[in-house]
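Okay, so here's the structure we're looking at.
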2 protein chains.
Amino acid sequence: MKYSKQREIILAIVKESDKHPTAEEVYMEARKRLPSISLGTVYRNLHILVELGMIKQIKGLDEKDRFDKTLKDHGHLLCTVCHKVYDADDVLIDTLKDNIEKESGFVTQSYNIVVTGICHTCMKERRYENEFTRN
Amino acid sequence: MKYSKQREIILAIVKESDKHPTAEEVYMEARKRLPSISLGTVYRNLHILVELGMIKQIKGLDEKDRFDKTLKDHGHLLCTVCHKVYDADDVLIDTLKDNIEKESGFVTQSYNIVVTGICHTCMKERRYENEFTRN
DNA sequence: ATTCTTGCAAAGAGTTTGCATAATA
DNA sequence: TATTATGCAAACTCTTTGCAAGAAT
């Protein structure tokens, strides 16, 4: 594999971000640092980095694939009020995994866990009213 | 809302299936019963049925949306060997939900849990060798 | 008669890919 | 020089939507 400035930038952006960015978001940030970069290159390199195990890919958070600097498998909590994505406590997920293995003899390779709801902060500040009265 | 033969058929297909069918799969089956039915109608009605709470939509199992006759939120176990989709034990998932709420004050509205691995049957029959030696 | 639903085809979003050019080794 | 990566645009997959025609109330 040959070095490329583009790949270095793309890796740096994901590693710097706390926001589980989409390919499009990585592309937008990358263009600030290297205006000539193309979206295709971003997609290609994100997948290479996933293959190399340097970043992780998250599916099912919303319609778009997202990319994550954290390598360990972990769940995500998506707040429907502030739209922030929180990382779920590893321990809880590990417990689930162990229980599934014990219960059904299913050997886990990976998991994709997205819990949608209202985060502690939004609950505390009562920002949720609209959510519950919407329908 | 007005009755339509198409909607009746689409609902019946999802309710009969144990396979968490995609829209395309529902469409294929529907055409056997009503050859003139269109894919757009299948998509439209699947979403109406989801809105009405008569079926559930599953995201993140693979690239395509899938539809589920089971109304209660539940996780899915996807076997990478036989590609079957198993329903996860409700109790395990409820425990996870409770733990997340206790731990982080996050109020769960819904969840999307997909655990990928090797099912008990494939393990027992040692059909997994290729999986582990592939890379 | 009015309203809802359909089939069709076009458009949309997100992602992947073919190809000639450019950069790396 | 040989190989890998790039930018661009076209293609691809899955899904949604506009519209005129058809079916249900």
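What you see is a predicted model, and the numbers here were worked out from it, not measured in a lab. Order of the sequence lines sets the chain letters (A, B, ...), proteins ahead of strands, with each chain counted from 1.
Straight-line distance from the CD atom of Glu51(A) to the C1' atom of dA5(D): 17 Å, rounded to whole Å. Gln6(A) places its CD atom 5 Å from the P atom of dT6(D), with the value rounded to the nearest Å. The interatomic distance linking Asp65(B) (CG) with dA13(C) (P) rounds to 17 Å, in whole Å. Remark: C1' of dC14(D) and CZ of Arg44(B) are 16 Å apart, rounded to the nearest angstrom. Between the CG atom of Leu39(B) and the C1' atom of dT15(D) there is a distance of 8 Å, given to the nearest Å. If you take CD1 of Ile10(B) and P of dG7(C), they are 8 Å apart, rounded to a whole angstrom. At whole-Å resolution of the value, CD in Glu25(A) and P in dT15(C) are 11 Å apart.
No more than 12 heavy atoms of other residues, nucleotides or ligands sit less than 6.0 Å from atom NZ of Lys102(A).
Rounding to the nearest 0.5 angstrom, the gap separating the CG atom in Leu49(A) from the CE atom in Met54(A) is 6.0 Å.
Taking for each of Met1(B) and Val42(A) the nucleotide of DNA chain D with the nearest heavy atom, the 5'-most of the two is the partner of Val42(A).
Contact annotation: Ser4(B) side-chain N/O to dA24(D) OP1/OP2 distance is not under 4.0 Å. Phosphate contact (OP1/OP2 of dG7(D), side-chain N/O of Thr41(A), threshold under 4.0 Å): present. Contact annotation: Ser38(B) side-chain N/O to dT6(C) OP1/OP2 distance is not under 4.0 Å. Side-chain nitrogen and oxygen atoms of Tyr43(B) include none within less than 4.0 Å of the OP1 or OP2 phosphate oxygen of dT16(D). Between Arg7(A) and dA5(D) there is a side-chain N or O to OP1 or OP2 distance below 4.0 Å.
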Would His76(B) and Asn112(B) count as a side-chain hydrogen bond (donor to acceptor under 3.5 Å, both in side chains) if you check the C-alpha gap in whole Å, the side-chain angles of each, and the deciding distance to 0.1 Å?
-> CA-CA 8 Å; His76(B) 292 98; Asn112(B) 181 4; 5.8 Å; no

CA sep, side-chain torsions, deciding dist, call: Arg31(B), Tyr27(B), side-chain hydrogen bond (donor to acceptor under 3.5 Å, both in side chains) | CA-CA 6 Å; Arg31(B) 287 219 302 190; Tyr27(B) 172 59; 3.3 Å; yes

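Side-chain proximity of Tyr3(B) to the nucleotides dA25(C), dA24(D), dT6(C) is greatest for dA24(D). With distances taken from any side-chain atom of Ala23(A) to the nucleotides dT15(C), dG7(D), dT15(D), the minimum falls on dT15(C). Counting only heavy atoms from C-beta on, Lys64(B) has its side chain closest to dC14(D) among dT16(D), dT17(D), dC14(D).
With hydrogens and angles ignored, no donor-acceptor pair closer than 3.5 Å exists between the side chain of Arg66(A) and the base of dG14(C). Side-chain atoms of Arg31(B) and base atoms of dG7(C) include no donor and acceptor less than 3.5 Å apart.
The aromatic rings of Tyr86(A) and Phe106(B) sit perpendicular to each other, their planes meeting at more than 60°, with 30° as the lower class boundary.
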